[in-house]
Engineer: 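First, the structure itself, so that you have it in front of you.
Treat the numbers as computed from the prediction; the structure is a model and nothing was measured. Position 1 is the first residue of the sequence; numbering continues from there. These numbers come from the heavy atoms of this one structure, side chains and all, not from hydrogens, waters or symmetry mates.
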Amino acid sequence: MPATEKVSRGKDAEPRENIYLFVPNLIGYSRIILAVASLYYMPLHPRTCSLLYSISCLLDALDGYAARYLDQSTRFGAVLDMVTDRCTTACLLVFLASAFPRWSIVFQGLIALDMASHYMHMYATLAMGGSDESHKNVDKSRSFILNLYYTNRTVLFLCCALNEVFFIALYLLSFSSPLLSPGLLEQVPQIKQANPYSAAALELARANKMDSTVPWIIAIVSFPVMMLKQIINVVQLVKASRWLAEGDLEARRERKKTH
């Protein structure tokens, strides 16, 4: 089915665009497919998983460029993009919580913060700014850091990309660093024809260690930006909460005037 189809209305026929087949949205669907594939390989194949996950994340920048270049920016595409980002990051953090059980509460907290801040920000934008308002239109008077984050494409790309890079590095370290995963030092017996989905196969994969030097360097370099991204999430959550509270107070004042 083409992106533009004919819709008959009496004798006249006018073109009707198929939003679902817009190029940026097609890129979004490919991101989802790549993300699901990376999750499939995540428990046992760190290299394949990291490659697929990274491509999915990089396409996040391409769909925005395509939307602007082709004039195909849509609210559906914006929500699809944001939901894909939140879900893929959450799935990776779930794995990290299982790989590093002592730090699971930290990863659980990061999932909650990411989901809550973006939901509150999106809801506040729709409730207070109207249905035509983009969640990326943040006035400097409301928050300078959010305005810079959403309006400067370089800042947005670096924050999002290096945030994901840090978590990918942690994922690779779970397979390669005895410092973070002491179980890698243990001798794992060879099991013939092990079920690839079994716990034993997982341990065998972890025992087949990779060099941890590059993941450590990536993690150290990207850590400050990851922390900045979490600070931005906190600011976003607080600002959205205050914006909604201001709207509630204004609505209460208006109701009192009518009585």
Side-chain angles (χ1 to χ4, degrees), residues 28 31-32 34-36 38-39 42 49-50 52-61 63-64 75-127 134-138 142-174 218-219 221-244:
R31 289 188 62 206
I32 295 173
L34 287 167
V36 172
S38 73
L39 296 179
M42 189 171 285
C49 169
S50 298
L52 294 172
Y53 190 95
S54 298
I55 295 174
S56 177
C57 291
L58 289 174
L59 287 177
D60 186 21
D63 64 2
R75 282 173 288 187
F76 169 76
V79 174
L80 175 68
D81 184 60
M82 189 184 73
V83 170
T84 302
D85 290 340
R86 305 285 72 76
C87 291
T88 51
T89 303
C91 290
L92 178 55
L93 290 175
V94 167
F95 181 89
L96 293 177
S98 65
F100 306 110
R102 290 185 180 180
W103 298 94
S104 61
I105 190 171
V106 174
F107 296 115
Q108 290 166 348
L110 291 175
I111 293 172
L113 174 61
D114 193 44
M115 294 286 190
S117 68
H118 284 84
Y119 177 81
M120 289 284 284
H121 179 67
M122 179 69 79
Y123 186 86
T125 302
L126 292 174
S134 170
H135 69 283
K136 293 185 177 181
N137 293 335
V138 181
R142 183 163 296 279
S143 174
F144 171 79
I145 190 172
L146 289 181
N147 175 269
L148 177 65
Y149 175 73
Y150 279 118
T151 59
N152 189 308
R153 293 171 188 168
T154 302
V155 173
L156 180 62
F157 175 78
L158 289 177
C159 285
C160 293
L162 291 178
N163 181 67
E164 296 295 336
V165 163
F166 174 78
F167 293 131
I168 293 172
L170 278 187
Y171 165 70
L172 292 174
L173 286 171
S174 74
I218 295 174
V221 170
S222 59
F223 176 77
V225 180
M226 185 278 297
M227 289 301 300
L228 174 62
K229 180 68 165 62
Q230 307 317 314
I231 293 172
I232 291 174
N233 279 343
V234 172
V235 172
Q236 183 170 252
L237 179 62
V238 172
K239 294 294 183 179
S241 300
R242 288 180 177 175
W243 197 11
L244 287 172

Engineer: At their closest point, which heavy atom of Ile218 faces which heavy atom of Ala169, and how far apart are they?
Structural biologist: CG2-CB, 3.9 Å
Engineer: What distance separates Cys57 SG from Asp85 CG, expressed to the nearest 0.5 Å?
Structural biologist: 7.5 Å
Engineer: Kindly say whether Leu52 contributes a backbone atom to a donor-acceptor pair with the side chain of Ser56 at under 3.5 angstrom?
Structural biologist: no
Engineer: With distance as the sole test, does Tyr53 use its side chain to make a donor-acceptor pair with the main-chain N or O of Glu164 at under 3.5 Å?
Structural biologist: no
Engineer: Nearest 0.5 Å, what's the CG-SG distance between Asp114 and Cys87?
Structural biologist: 10.0 Å
Engineer: So how far is it from Ile232 CD1 to Gln230 CD, rounded to the nearest 0.5 Å?
Structural biologist: 9.0 Å
Engineer: Table please: side-chain donor-acceptor pairs of residues 101-112 below 3.5 Å, with sequence neighbours left out.
Structural biologist:
{"unit_1": "Ser104", "atom_1": "OG", "unit_2": "Pro101", "atom_2": "O", "d": "3.0"}

Engineer: Locate the shortest heavy-atom distance separating Leu170 from Leu96; write the atom from each residue and the value.
Structural biologist: C-CD2, 3.9 Å
Engineer: Could you tell me how the ring of Tyr150 sits relative to the ring of His121: parallel (under 30°), tilted (30 to 60°) or perpendicular (over 60°)?
Structural biologist: parallel
Engineer: Please find the pair of heavy atoms, one from Asp81 and one from Arg31, that lie closest to each other, and give the distance.
Structural biologist: OD1-NH1, 2.9 Å
Engineer: Within a 6.0 Å radius of atom CZ on Phe76, are there more than 12 heavy atoms belonging to other residues, nucleotides or ligands?
Structural biologist: yes
Engineer: To the nearest 0.5 Å, what is the distance between CG (Asn233) and CG (Leu146)?
Structural biologist: 9.5 Å
Engineer: So how far is it from Leu80 CG to Ile32 CD1, rounded to the nearest 0.5 Å?
Structural biologist: 5.0 Å
Engineer: Could you pull out the closest heavy-atom pair between Phe167 and Met226, with the gap in Å?
Structural biologist: CZ-CG, 4.0 Å
Engineer: Looking only at heavy atoms, which two atoms of Ala35 and Ser38 are closest? And how far apart?
Structural biologist: O-OG, 2.6 Å
Engineer: Of Phe95, Phe166, Phe100, which meets ring pair (Phe, Tyr, Trp, His ring centres under 6.0 Å) against Tyr171?
Structural biologist: Phe95
Engineer: Taking atom CZ of Arg242 as the centre, does the number of heavy atoms from other residues, nucleotides or ligands within less than 6.0 Å exceed 12?
Structural biologist: no
Engineer: Would you call Val225 and Asn163 a side-chain contact if the rule is heavy atoms closer than 4.5 Å?
Structural biologist: no
Engineer: Can you tell if the side chain of Gln236 reaches within under 4.5 Å of the side chain of Met120, non-hydrogen atoms only?
Structural biologist: no
Engineer: How far apart are the closest heavy atoms of Val138 and Asn147, and which atoms are they?
Structural biologist: O-ND2, 2.6 Å
Engineer: What's the spacing between Ser54 OG and Leu59 CG if we round to 0.5 Å?
Structural biologist: 11.0 Å
Engineer: Taking the side chain from Thr89 and the backbone from Arg86, do they hold a donor-acceptor pair closer than 3.5 Å?
Structural biologist: no
Engineer: Pairs of donor and acceptor atoms involving the side chains of residues 152-162, under 3.5 Å and at least two apart or interchain, shall be tabulated with distances.
Structural biologist:
{"unit_1": "Asn152", "atom_1": "OD1", "unit_2": "Thr154", "atom_2": "N", "d": "3.0"}
{"unit_1": "Asn152", "atom_1": "OD1", "unit_2": "Val155", "atom_2": "N", "d": "3.1"}

